[in-house]
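The structure under discussion appears below in the form of structure tokens.
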Amino acid sequence: MLLLLHASLPGLTTPPTKNWIPFLRRPLYLDETYAADVGFDPLKFVEREGPWWELAGAATAHRRVAWMREAEIKHSRIAMLAAAGWPLSELYHGPLAGAAGLPFG
């Protein structure tokens, strides 16, 4: 709704493209399709060829960006579970070791 309203108002232009480093050129495959896309791919991972892209089913640059974005979300969820699980395992380590007859020191 806001985009429609923004486009219909005279005299307003779209905001300038954000870049993670202002003086570097943005890769063509990072076209602000996703939220918070600021053109960050300094090592050009999407442009590198390899057999892993065939296994992932990502032949085009846009599919590769989507695949890497999905992988980032999966890894962040695992990291959040690990961050919650570490203190819990420290709390239950003593009672579990005692129940199994293992030394706990």
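We number each residue from 1, following the sequence as shown.
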- Query: Got a sec, which pairs hit salt bridge (charged side-chain N to carboxylate O under 4.0 Å, His left out) with one end in residues 48-61, sequence neighbours left out?
  - Reply: E49-R64
- Query: What is the minimum heavy-atom distance between V65 and V46, and which atoms define it?
  - Reply: CG2-CG2, 3.8 Å
- Do other residues, nucleotides or ligands put more than 12 heavy atoms under 6.0 Å from L28 CG? no
- Message: Listing request: all ring-ring contact (aromatic ring centres under 6.0 Å, His included) pairs with a residue in residues 23-46, at least two apart in sequence or in separate chains.
- Response: W20-F40
- Give every residue pair that meets the salt bridge (charged side-chain N to carboxylate O under 4.0 Å, His left out) criterion with at least one member in residues 79-89, sequence neighbours excluded. none
- By side-chain hydrogen bond (donor to acceptor under 3.5 Å, both in side chains) - contacts of T33 (at least two apart): D31
- Query: Could you give all pairs that pass the ring-ring contact (aromatic ring centres under 6.0 Å, His included) test and reach residues 67-90, with sequence neighbours left out?
  - Reply: W53-W67
- Might you point out which heavy atoms bring G39 and P27 nearest each other, and give the distance in Å? O-CD, 3.9 Å
- Task: List, by chain and number, the other hydrophobic cluster members for L55, where Ile, Leu, Val, Met, Phe, Trp and Tyr join if side-chain heavy atoms come within less than 4.5 Å, directly or indirectly.
- Result: none
- Message: Can you pull out every salt bridge (charged side-chain N to carboxylate O under 4.0 Å, His left out) where at least one residue sits in residues 68-77? Sequence neighbours excluded, please.
- Response: E70-K74
